[in-house]
Amino acid sequence: MFGLFKKKTEIEKLQESYSSMLSKAHKVSHSNRTEADKLMAEAEEIAKKIDALKKSGN
């Protein structure tokens, strides 16, 4: 109950963005492979940021 208004951490925001990017890439991959590849590259960059934040301990 008290966690209802808790602000999201940077890692949680990036993880949401990552999963959103992956789902968009999957949907687009059926019609436009080039665009899907761009979205996958962006998702990989987000994954690298997540890993860096986890390693730094934040």
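Note: hydrogens, waters and symmetry copies are ignored here, and every other heavy atom, side chains too, is used.
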* Trace of the side-chain contact (heavy atoms from CB on, under 4.5 Å) decision for K38 with E35 -> CA-CA 5 Å; K38 287 180 186 177; E35 185 65 27; 4.1 Å; yes
* Residues that K7 engages under salt bridge (charged side-chain N to carboxylate O under 4.0 Å, His left out), provided they are two or more places apart ->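 If we apply the salt bridge (charged side-chain N to carboxylate O under 4.0 Å, His left out) test to K7, skipping adjacent residues, there are no hits.
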* To do: Name all residues meeting the salt bridge (charged side-chain N to carboxylate O under 4.0 Å, His left out) criterion together with D37; count only those two or more places apart in sequence or in a different chain, and write none if there are none.
  =>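 Counting only residues at least two positions away or on another chain, D37 forms a salt bridge (charged side-chain N to carboxylate O under 4.0 Å, His left out) with R33.
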* **Under-4.0 Å salt bridge between E16 and K13** =>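 No salt bridge links E16 with K13.
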At their closest point, which heavy atom of [X] faces which heavy atom of [Y], and how far apart are they?
{"X": "A36", "Y": "A25", "result": "CB-O, 3.6 Å"}
{"X": "I11", "Y": "I50", "result": "CG2-CG2, 4.3 Å"}
{"X": "A47", "Y": "Y18", "result": "CB-CE1, 3.8 Å"}

Quick check for you: to the nearest 0.5 Å, what is the distance between [X] atom [atom1] and [Y] atom [atom2]?
{"X": "H26", "Y": "M40", "atom1": "NE2", "atom2": "CE", "answer": "11.0 Å"}
{"X": "E45", "Y": "L14", "atom1": "CD", "atom2": "CG", "answer": "12.0 Å"}
{"X": "E10", "Y": "L53", "atom1": "CD", "atom2": "CG", "answer": "6.5 Å"}

